[in-house]
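Have a look at the structure below before the remarks.
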Amino acid sequence: MDVKQIYKDYEELKNQNISITGRVRSNRVGKAVSFITLNDGTSINDLQIVYKETISNFESAKLARVSSIVEITGQIIVTPDKPQPFEIAASNIVLLDQAVEDYPLQKKEHSLEFLREIAQLRARTKTFSAIFRIRSAAAFAIHSFFQKRNFVYVNTPIITSNDAEGAGEIFAVVTENNEHKLTSDFFDKKANLTVSGQLNGEAFAQAFRKIYTFGPTFRAENSNTSKHAAEFWMIEPEVAFADLDEIILLIKDMLKFIMSYLLDNYIDEINFLTEQNNKELLSRLKSIVDTDFATITYSDAVGLLQNAIKNGHNFEDNDITFGTDLKTEHERYLCEEILKQPVFVTNYPGDIKAFYMKQNSDGKTVAAVDMLVPGIGELIGGSQREDDYQKLMERSKKFNINTNDLEWYLELRKFGYYKSSGFGLGFERLVMYLTGTQNIRDVIPYPRTPKNLLF
Ligand code: 4AD
Ligand code: MG
């Protein structure tokens, strides 16, 4: 029997005897009765154990310290007038393993900053139990969504020679010989960790029409912010024959599916995080299910931000004109203050977006979309891909891309390539949004950020 199941079936299990093994969260020894709060890992909820002097092994039970492992045998008692719906009246408590006295998690609540320093233990807290369970469930929901729609899951390479985004924020891959000398002999060319599986994914979309990737991604962005990690997970769907509007629709359907799945299956975790992390979380998740989201062009976004400045709003960076790469403060102000909802911004200037994006007929903008959400800013980046070989070549050269190495990708345009569109969803940013967490370091089990490679 596990705690998850007991919470589900306690009414039928009423007055039955059960046996359960778990970790002690607290042990309060009283004169008449004593209490153990037990967590067995299967649920965000704890079991309340009540025990008296008369039980077997009382002497060792009362010594069980925080984080010790015990096996409890007892009866399920339904307790309608207490905070928890039921408790276990123990008849026997076996101390299976005693923990040391200075176990680091002694308090009921610790700061997220403190817990980051003990990432090997933090998943045992209620907050991280909720966050990482939702992370797992969101991954499952994403796979379900795409599998149900007949998308093929593709594992694109982690070691590659391309910098798909052309931003030069790559980690090199080298080998180390016996003398600790680093060389790039292994592949006999420059190699790096992938920043995006998109280019390989596009080739597969030409074969399967609808594909998605879901894998680790690496960026050596030297920015110590609350939403950048050096190692993060990305979901990249790619749909052949689809244009930008179809991709925006796909994003909406995907987000609604994920929210509904979590609200149906993980309401305990959401309620807990709403109380603990972010008071607006539950209503935010519910609203996504029914909303249509706002869509504006980049030009309009710039106009709205200029207006805000005119009306007295002060950004750290007030220099916003057509061509400005919007910063997080601008993105957040747009969706939090001006539009008050998640927003799709389309048709960015070509100069500030990646080489592969389709040039619009205005000669200035590309068919790009960023989805901005309150609390974070950019959650998703996507585009329709340039389908004209010549134009793609020209743009690649303009961005100093090594076209020889990428010919396999560029020439896909010659072999029947009508349209193709896709997007990248940063999985950690999604989990931040789904859990109301403010720092990316708290939604990935072991975060990798500049000057930080512990665990
Ligand atoms: O906007 P990006 O750079 O787009 C791409 O990589 C395209 N190849 C996607 C595509 O069209 N297939 O990255 C996509 C998303 C961002 O919107 C953001 O959510 C996330 O990846 N992301 C990061 N997340 C955490 N840490 C970082 N350093 C991130 N960089 C990007
Ligand atoms: Mg982007």
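One-based numbering, in listed order, for ligands and for the atoms of each. We use all heavy atoms of the structure for the numbers below, so side chains are in, but hydrogens, waters and symmetry mates are not.
Using a 4.0 Å cut-off between heavy atoms, Phe423 contacts ligand 1 through its backbone alone, with no side-chain atom that close. Here Met234 has side-chain heavy atoms under 4.0 Å from ligand 1, and that is the only part of it that gets that close.
For Met357, the closest heavy-atom approach to ligand 1 does not fall below 4.0 Å. Remark: distances from the non-hydrogen atoms of Met371 to ligand 1 are all 4.0 Å or more. Heavy-atom separations between Glu428 and ligand 1 are all 4.0 Å or longer.
Distances from the Mg ion (ligand 2) to each N, O or S atom of Glu378 single out OE2 as the nearest.
Set against the non-hydrogen atoms of Gly422, the atoms of ligand 1 under 4.0 Å away are 11 (O). Here is the list of ligand 1 atoms found below 4.0 Å of a heavy atom in Ile380: 17 (O). Interface atoms of ligand 1 facing Arg385, defined by a heavy-atom separation under 4.0 Å, are 10 (C), 11 (O), 12 (N). For ligand 1, the atoms sitting less than 4.0 Å from at least one non-hydrogen atom of Ile440 are 25 (C), numbered in the order shown with element in parentheses. Within ligand 1, the atoms closer than 4.0 Å to a non-hydrogen atom of Tyr356 are 7 (C), 8 (N), numbered from 1 in the order shown. Every atom of ligand 1 is numbered from 1 in the order shown, and the set under 4.0 Å from a heavy atom of Lys227 is 25 (C), 26 (N).
Looking only at heavy atoms of the protein, atom 20 (C) of ligand 1 is closest to Gly426 CA, 3.6 Å. For atom 10 (C) of ligand 1, the closest non-hydrogen atom of the protein is Gln198 OE1, 3.2 Å. The protein atom (non-hydrogen) at minimum distance from atom 15 (C) of ligand 1 is Gly424 O, 3.6 Å. At the top of the distance list for atom 31 (C) of ligand 1, counting protein heavy atoms only, stands Arg219 NH1, 3.5 Å.
Side-chain polar atoms of His143 and Gln147 form no donor-acceptor pair below 3.5 angstrom. For the residue pair Ser67 / Arg23, a side-chain donor-acceptor distance below 3.5 Å is found, with atom types taken as modelled.
A distance of 13.0 Å separates OG1 of Thr291 from CZ of Arg284, quoted to the nearest 0.5 Å.
The distance criterion of under 3.5 Å between nitrogen or oxygen atoms is met by Ala229 with respect to ligand 1. For a threshold of 3.5 Å applied to N or O pairs, the pair formed by Leu379 and ligand 1 contains at least one separation below that value. Where the criterion is an N or O separation shorter than 3.5 Å, residue side chain and backbone included, His228 fails it with respect to ligand 1. Residue-to-ligand polar distances place Glu236 within reach of ligand 1: an N/O pair is separated by less than 3.5 Å.
A donor-acceptor contact shorter than 3.5 Å is absent between the side chain of Ser184 and the backbone of Val174. For the pair Ser43 (side chain) and Asn45 (backbone), a donor-acceptor distance under 3.5 Å is present. Arg122 places a side-chain N or O within donor-acceptor distance of the main-chain N or O of Pro445, the cut-off being under 3.5 Å. Counting only distance, with no hydrogens or angles, the side chain of Asp40 and the backbone of Asp2 share no donor-acceptor pair below 3.5 Å.
Under the 4.5 Å side-chain criterion, counting only non-hydrogen atoms from C-beta, Ile247 is not in contact with Gln384.
Using cut-offs of 30° and 60° on the angle between ring planes, the pair Tyr446 and Phe455 is tilted. Ring orientation note: the planes of Phe315 and His313 are nearly perpendicular, at an angle over 60° on the 30°/60° scale.
Considering Phe232, Trp233, Tyr433 only, the shortest heavy-atom separation from atom 22 (N) of ligand 1 involves Phe232.
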